[in-house]
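Below you'll find the structure, written out as structure tokens, and then a few comments.
The first residue of the sequence shown is numbered 1, and numbering continues consecutively from there.
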Amino acid sequence: MNVNTPVSGPKTLERGASQRPQVQMKRTRANSHRVPKWAYLLFIILAAFFCYRAFQRRASESKATQPPIRPVLVAKVISKDVPLYLDEIGTCAAYETVQVQAQVSGQIIARHFQDGADVKKGDLLFTIDPRPYQAVLEQAQAQATLDQITMKRQQELRARNVISPQDLDTAQANAHKSEAAAAAAQVNLDFCYIKSPINGRAGLRLVDVGNIVTGNTGSGAVLLTIQGLDPIYTDFTVAETDLALVRKYLGGPNVKVQTYSPDDKIPPRLGDLYFIDTAVQPGSGTVKARGVTPNPDHAFWPSEFVRVRFILDTIKEARLVPSQAVQISQSGPFIFVMKSDNTVDLRPVKPGQRQDGDLMVVESGVEPGETVVVTGQLALAPGSKVDPKPYGAANPQGGQSAAAKSSL
């Protein structure tokens, strides 16, 4: 036992010495695998950055899916009295047309007007040589004077019962006869001075000074044609399909005829309905009508083509919008109405007649004071957000083109 004890002692010491380094190495390895604090902080920062990027990407994607705000031009619905009318094509006609003719025969010795001049009633136009008729008048007046003297003598003799009643009757008849002959001679002498029978415009003369004219020979003795231009007739036709509407308002106080020049250089003239025919023309299916139009400046001429607005009545407090605001779809006419939050609503409407100033009557669907979209409707849908700008009446086409470009 003593012999073995020294031997086992060293072995025990060596085992204990070898175990201590192993424990230290394990501790060193454990310390080497520990994560530093700055790594955790870096991880948190990176995680927050990626979360922010993901949130930003989702926000941009959701924003991209929303429709853009569309620029549009808008206008208010207004209320105004407007006419109910029919638009037709017509022609003007002279209010009066007179063919001046010679009433007595003779030679024309003077002309007192210029071709195409405006003449007044009673103006002297031509003078026929009056000398033969003056001589006849003087002869007739002398005979009338003689017959008057003879009649007075016969009356005195009859008062004294010297002559018979028949002699007095003959003297009285001769006196009246000579007076009539003198009056006829005076008329023929007056006919030598040809005067204008109306106010109007003279045409081209058909005879010159020195020509011999013959009186009372029909159209062969026409010297001149004069046409009355103030007022002037406006002739037009009404389609057979519109007769029911016309008959409804015919005779009313608001029935008028408005005449427009073809080039719109002359302001329209408002006149009265003068005549409407009682029968439909078989070939054209129209009814003839005529208005009387004031024409003091002779702006309208006979046989000139004009545009005619046959006004039947007045629509009280009609709702009006710019005509471009009314759009057409498969479901019918509609208008985009802007709401208070600058979104639009689609309204079916019933459009009426167009009015002056590029306006249109809307019979139903909108109310006065509402705001409607005039241009830029192409990219709109119900609920779309818009950027409204006022519709400029002074330059609507410029605003329309800008809105149209921005909506594409």
Side-chain angles (χ1 to χ4, degrees), residues 59-87 245 254 258 260 263-265 267-268 270 307 309-408:
S60 61
E61 289 177 355
S62 62
K63 186 177 180 180
T65 56
Q66 293 179 356
I69 298 178
R70 298 290 183 177
V72 295
L73 300 182
V74 297
K76 292 285 187 181
V77 181
I78 63 175
S79 178
K80 183 180 177 183
D81 293 347
V82 295
L84 174 66
Y85 63 88
L86 298 173
D87 279 339
L245 182 64
N254 298 322
Q258 197 164 24
Y260 294 79
D263 52 5
D264 290 330
K265 293 183 179 179
L270 187 64
R307 294 185 294 111
R309 176 160 289 183
F310 187 19
I311 300 175
L312 302 175
D313 199 6
T314 300
I315 305 174
K316 298 293 184 180
E317 297 181 354
R319 289 161 287 189
L320 301 173
V321 299
S323 59
Q324 300 177 23
V326 181
Q327 302 291 305
I328 304 296
S329 67
Q330 294 181 351
S331 301
F334 69 92
I335 289 179
F336 281 111
V337 180
M338 191 180 74
K339 297 187 289 186
S340 59
D341 58 353
N342 284 4
T343 59
V344 295
D345 184 22
L346 189 148
R347 299 266 191 92
V349 295
K350 183 180 180 182
Q353 286 186 321
R354 296 189 62 157
Q355 300 294 329
D356 293 334
D358 196 27
L359 296 176
M360 177 176 286
V361 176
V362 179
E363 298 180 3
S364 63
V366 294
E367 296 298 331
E370 289 187 313
T371 303
V372 299
V373 177
V374 180
T375 61
Q377 302 98 325
L378 183 62
L380 295 183
S384 298
K385 195 86 170 179
V386 296
D387 177 20
K389 289 182 175 54
Y391 178 70
N395 188 16
Q397 295 185 0
Q400 179 185 1
S401 60
K405 291 179 181 178
S406 60
S407 64
L408 295 177

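- Between Phe336 and Pro382, the closest heavy-atom pair is CE2-N, 4.3 Å.
- Sorted by first and then second residue, the salt bridge (charged side-chain N to carboxylate O under 4.0 Å, His left out) pairs with a member in residues 320-330 form an empty list; sequence neighbours excluded.
- Using a 4.5 Å heavy-atom threshold, the side chains of Gln355 and Lys80 count as separate.
- Atoms CZ and NZ, from Arg319 and Lys350 in turn, are 11.0 Å apart once rounded to the nearest 0.5 Å.
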Please determine whether side-chain hydrogen bond (donor to acceptor under 3.5 Å, both in side chains) holds for the pair Lys385 and Thr343, giving the CA-CA distance in whole Å, both sets of side-chain angles, and the decisive distance to 0.1 Å. CA-CA 4 Å; Lys385 195 86 170 179; Thr343 59; over 6 Å; no

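- Taking a cutoff of 4.0 Å between a charged side-chain nitrogen and a carboxylate oxygen, Asp356 and Arg309 qualify as a salt bridge.
- Smallest separation of non-hydrogen atoms from Ser323 and Met360: CA-CB, 4.1 Å.
- When every heavy atom of Val74 is checked against every heavy atom of Val374, the shortest pair comes out as C-CG2, 4.0 Å.
- Distance CZ/Phe334 to CD1/Ile328: 8.0 Å, rounded to 0.5 Å.
- No side-chain donor-acceptor contact under 3.5 Å links Gln324 to the backbone of Asp358.
- Here the closest heavy-atom approach between residue Arg70 and residue Ala379 is recorded as NE-CB, 3.6 Å.
- Put simply, CD1 on Ile315 and CG on Leu84 are 5.0 Å apart, with the number rounded to the nearest 0.5 Å.
- Applying the side-chain hydrogen bond (donor to acceptor under 3.5 Å, both in side chains) test to Arg307 and every residue at least two apart in sequence or in another chain returns Asp264.
- Between Val337 and the choices Leu346, Val349, Val366, Thr371, the side chain to side chain contact (heavy atoms under 4.5 Å, CB included) rule is met once, by Val366.
- In this structure, Val361 and Leu320 have side chains that are in contact, with non-hydrogen atoms separated by less than 4.5 Å.
- More than 12 heavy atoms of other residues, nucleotides or ligands sit less than 6.0 Å from atom NZ of Lys339.
- A 4.5 Å side-chain heavy-atom check between Met338 and Pro388 finds at least one atom pair inside the cut-off.
- Closest non-hydrogen pair, Val72 versus Gly376, comes out as CG1-O, 3.8 Å.
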Output, in order, the C-alpha distance, side-chain angles, deciding distance and verdict of side-chain contact (heavy atoms from CB on, under 4.5 Å) for Ile311 and Leu270. CA-CA 10 Å; Ile311 300 175; Leu270 187 64; 4.1 Å; yes

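- Between the CG atom in Leu245 and the CZ atom in Phe310 there is a gap of 9.0 Å [rounded to 0.5 Å].
- Counting only distance, with no hydrogens or angles, the side chain of Gln353 and the backbone of Tyr85 share a donor-acceptor pair below 3.5 Å.
- Separating the CG atom in Asp345 from the CD1 atom in Ile335 is a distance of 11.5 Å, to the nearest 0.5 Å.
- At least one donor-acceptor pair under 3.5 Å links the side chain of Asp81 to the backbone N or O of Glu317.
- For the atom pair Asn254 CG and Thr314 OG1, the distance stands at 4.0 Å (nearest 0.5 Å).
- Under the 4.5 Å side-chain criterion, counting only non-hydrogen atoms from C-beta, Leu359 is in contact with Ile78.
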